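A short worksheet on the structure shown next.
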Number of protein chains: 2
Amino acid sequence: MSGIHLNDREPTMREVAALAGVSLKTVSRVINQEAGVSSELNERVQNAVRQLNYQPNTTASNLRRADQRTATIGLILDDVSNPFSSVLHRAIEDVASQHRTLVFAGSSGDDPKREEELILALAARRVDGLITVPASRASGELKQLQRLGKPVVFVDRLATIHTADSVTVDNRAGGSAAVRHLAAHGHQRIAFLGDIHDLWTAAERYLGYVEGLAMAGLRLDPSLVRQDVRNMETAEQAVLELLARENAPSALFTAQNLITIGAIHALQRMGRQHQMALIGFDDFLLADLLDPRVSVIAQDPARLGRLAAELLFARLGGDTRPTQQIVLPTRLIARGSGEIPIT
Amino acid sequence: MSGIHLNDREPTMREVAALAGVSLKTVSRVINQEAGVSSELNERVQNAVRQLNYQPNTTASNLRRADQRTATIGLILDDVSNPFSSVLHRAIEDVASQHRTLVFAGSSGDDPKREEELILALAARRVDGLITVPASRASGELKQLQRLGKPVVFVDRLATIHTADSVTVDNRAGGSAAVRHLAAHGHQRIAFLGDIHDLWTAAERYLGYVEGLAMAGLRLDPSLVRQDVRNMETAEQAVLELLARENAPSALFTAQNLITIGAIHALQRMGRQHQMALIGFDDFLLADLLDPRVSVIAQDPARLGRLAAELLFARLGGDTRPTQQIVLPTRLIARGSGEIPIT
DNA sequence: TGATAGAATGACAACGTTGTCATTGACTAA
DNA sequence: TTAGTCAATGACAACGTTGTCATTCTATCA
């Protein structure tokens with residue numbers, strides 16, 4: 001047998017009405033549970049619905065509806081398969097489902113082009129609102145967002161637009177704390193490995209790194225800074241290079257979850273995991289089972305997602321308060337790798 | 001300033017037409033890049049579109065369109081934040097984006113009720129097709145799926161419906177191989193820890209476990225079987241209990257990624273990770289950096305997702321070949337934990 | 001009894017778009 | 001010149017639903 005194929009056409013309210021012997025509008029009333037339908041007609045319509053296997057067509061409904069609601073929101077992440085992003089996604093979905101809303105999820109891959117495509121595609125489908133981890137900070141995308149004319153919430157990262165709510169963590173304080181923690185254990189040569197420098201989080205964490213160095217009275221050595229590290233593999237490569245230098249760092253601050261994991265690969269490959277101190281930004285599964293256990297600046301992605309979604313649905317519910325810029329604290333979890341003293 | 005709010009109404013083709021001084025239909029032709037519009041009118045319409053910031057309304061478009069396509073598919077996973085699921089998701093998204101299609105992603109939480117809600121919500125939005133990791137195998141959901149009247153592809157798990165394509169891995173062979181591998185290292189008391197027993201994958205892997213024991217000539221001891229292990233925490237608890245038994249197992253076969261991680265937590269907590277052999281089903285990030293390195297039955301979730309999406313889009317493209325039941329092999333990756341000999 | 005209120009139901013238009021078909025006008029061939 | 005062809009354009013209906021308003025019917029009150 002071949003795959004399930006399209007019906008000629010799905011049953012419509014009109015057909016239900018005909019079968020039940022009532023008007024189209026009465027069927028509409030029953031489907032939408034409006035008051036003022038006699039229980040007899042109600043019954044007849046329900047039966048016809050069951051008999052025909054009628055399924056409401058939200059698409060047609062929301063075309064006509066006054067509020068223009070599609071019960072659909074858009075979510076643009078950098079990568080749905082990144083552990084951080086996917087936890088964010090799940091938290092948002094949970095809030096959305098309480099509002100009987102479905103979520104379009106897409107990965108921008110941190111590519112402004114793809115991001116814009118996604119925004120346009122979501123706009124064309126008339127999502128009620130958008131939650132996004134913005135890839136670009138430029139105003140080109142800002143215009144696109146505003147064209148949407150729908151509530152927008154930034155999560156995890158900010159963009160240069162002040163007419164939107166946002167939920168982020170204090171990346172700078174986190175980065176600074178990581179560096180000072182390492183300095184407190186005697187490290188003076190602390191390397192920084194960060195994501196694409198144009199990303200807001202990467203930039204903020206770098207700023208935190210610089211501030212932390214300054215607060216600890218340490219000199220910033222540009223040769224210990226590796227920006228635009230895109231993934232685990234390049235992170236591993238970058239750390240291998242740092243280790244091979246004649247004037248190698250004694251500690252690493254890896255400013256993103258996959259970069260941290262790449263760095264650990266490099267350290268273990270060279271058998272240096274017990275000499276080189278390491279603090280990663282963002283906690284990850286199994287960080288507490290590695291040897292040494294990995295110290296991190298932890299965020300709570302589930303909370304970020306939940307708050308972002310709640311902000312969005314508050315707007316959809318008519319909330320017109322001034323835009324909120326929620327900033328959550330980070331938490332340094334000392335597990336061992338960040339407490340390796342200088343040798 | 002308060003959050004971005006809804007425009008009174010978004011510009012329509014009618015307004016564009018008025019501004020450009022052409023008919024509605026001509027605007028439609030320009031937007032859809034149909035042939036037969038003079039370059040002069042084309043120009044005028046394009047200008048009007050820009051001027052008004054017109055955004056096409058796919059929702060209205062596909063209501064009228066003959067093919068009834070929404071350029072939207074549904075994806076139901078057990079949990080979008082599970083590492084396995086999220087990689088699957090990303091692979092599907094990548095294929096979908098090549099077809100200019102957006103993906104509705106939802107988590108069933110392996111709850112048939114929630115799964116059915118999602119199916120209905122997707123049906124109401126008239127998705128072009130559905131890819132699902134089915135939670136329930138019963139026909140109640142089967143009917144719902146068929147009501148959709150749209151192509152459905154099962155991925156990772158099967159359900160009792162033979163009119164759909166599917167992409168799965170050979171769970172039974174994988175489970176069997178894991179057990180025989182452990183047996184070959186001298187283990188006779190091999191425990192099984194699996195997900196909800198009603199899930200197709202969990203059942204198949206258990207079957208593989210039983211077959212593997214039989215092939216190795218080992219006796220099945222029901223007291224070494226823990227089914228319905230729902231998450232990391234219960235897995236950890238279950239392993240702790242197994243370790244405390246007077247007749248404890250000498251090896252574990254953990255039949256799902258999070259169960260494996262929970263088990264590792266328990267083993268490390270008790271300091272038994274170097275005595276107790278362990279093979280997990282499904283590979284995971286950092287498995288190769290733990291001590292001992294974790295042996296696994298690896299699948300390729302990205303490939304599963306890609307194939308599933310390609311099957312779906314083939315159907316949408318008119319492919320009417322018999323349904324395909326693709327079964328991919330698994331691969332045993334021996335890293336150490338599965339090769340710990342019996343003491 | 002007749003007037004009136006109120007509840008139940010339905011007719012019809014409209015949402016923003018595309019499919020169908022008619023109309024216009026320019027160009028070609030006999 | 002005239003018939004015929006073809007390309008460009010537009011008028012109109014339709015997709016499946018909901019909002020508005022009119023109509024019908026029953027119950028209630030003076």
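Throughout, a chain's letter reflects where its sequence line sits, starting with A, and its residues are numbered from 1. As the structure is a prediction and not an experimental result, all values here were calculated from the model.
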Original post:
So, does the side chain of A:R29 form a donor-acceptor pair with the base of D:dG19 at under 3.5 Å?
Top reply: no
Hey, is [X] close enough to [Y] for a salt bridge, meaning N to O under 4.0 Å?
| X | Y | result |
| --- | --- | --- |
| B:D128 | B:K150 | no |
| A:D79 | B:R90 | yes |
| A:E116 | A:K113 | no |
| B:D94 | B:R306 | no |

Partners passing side chain to side chain donor-acceptor pair (under 3.5 Å) against [X] (at least two apart in sequence or in another chain):
| X | value |
| --- | --- |
| A:S108 | none |
| A:T168 | none |
| A:D78 | A:S85 |

**OP:** If a pair satisfies salt bridge (Lys or Arg N to Asp or Glu O under 4.0 Å) and one of its residues is in residues 95-112 of chain B, list it, with sequence neighbours excluded.
**Re:**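 Every pair satisfying salt bridge (Lys or Arg N to Asp or Glu O under 4.0 Å) with a residue in residues 95-112 of chain B: B:D110-B:R157, B:D110-B:R230.
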Original post:
Does any pair with a residue in residues 40-62 of chain A pass salt bridge (Lys or Arg N to Asp or Glu O under 4.0 Å), and if so which ones, sequence neighbours excluded?
Top reply: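 Every salt bridge (Lys or Arg N to Asp or Glu O under 4.0 Å) pair that includes a residue of residues 40-62 of chain A, provided the two are not neighbours, is A:E40-A:R44.
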Original post:
OP1 or OP2 of C:dT9 sitting under 4.0 Å from any side-chain N/O of A:S23?
Top reply: no
Original post:
At under 4.0 Å between heavy atoms, what does B:S28 touch on the DNA or RNA strands: base, sugar-phosphate, or nothing?
Top reply: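 Touches a base.
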At a cut-off of 3.5 Å, list every protein nitrogen or oxygen paired with a nitrogen or oxygen from nucleotides 25-28 of chain C, distance to 0.1 Å.
none

Original post:
Restricting to pairs with a member in residues 75-134 of chain A, which pass ring-ring contact (aromatic ring centres under 6.0 Å, His included), not counting sequence neighbours?
Top reply: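 Applying ring-ring contact (aromatic ring centres under 6.0 Å, His included) to every pair that reaches into residues 75-134 of chain A, excluding sequence neighbours, yields A:H89-B:H89, A:H99-A:F313, A:F104-B:F104.
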Original post:
What pairs meet the ring-ring contact (aromatic ring centres under 6.0 Å, His included) rule with one or both residues in residues 19-61 of chain B, with sequence neighbours excluded?
Top reply: none
Subject >> Atom-pair distance (CD on A:E15; C1' on D:dT17), nearest Å >> reply: 14 Å
**OP:** Note down the inter-axis angle between the two ends of the helix from C:dT1-D:dA30 to C:dA30-D:dT1, five pairs each, to the nearest 10°.
**Re:** 50°
Subject >> Donor-acceptor contact present, side-chain A:E93 to main-chain B:S107, <3.5 Å >> reply: yes
Subject >> Strand-adjacent residues in residues 31-40 of chain B, judged by heavy atoms under 4.0 Å from DNA chain C >> reply: B:N32
**OP:** Under the salt bridge (Lys or Arg N to Asp or Glu O under 4.0 Å) rule, collect the residues that match up with A:R14, sequence neighbours excluded.
**Re:**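 With neighbours one apart ignored, the set is empty.
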What pairs of nitrogen or oxygen atoms, one from the protein and one from nucleotides 12-16 of chain D, lie under 3.5 Å apart?
residue: D:dA14; atom: N3; partner: B:R64; partner atom: NE; Å: 2.5
residue: D:dC15; atom: O2; partner: B:R64; partner atom: N; Å: 3.3
residue: D:dG16; atom: OP1; partner: A:R9; partner atom: NH1; Å: 3.0
residue: D:dG16; atom: N2; partner: A:A60; partner atom: O; Å: 3.4

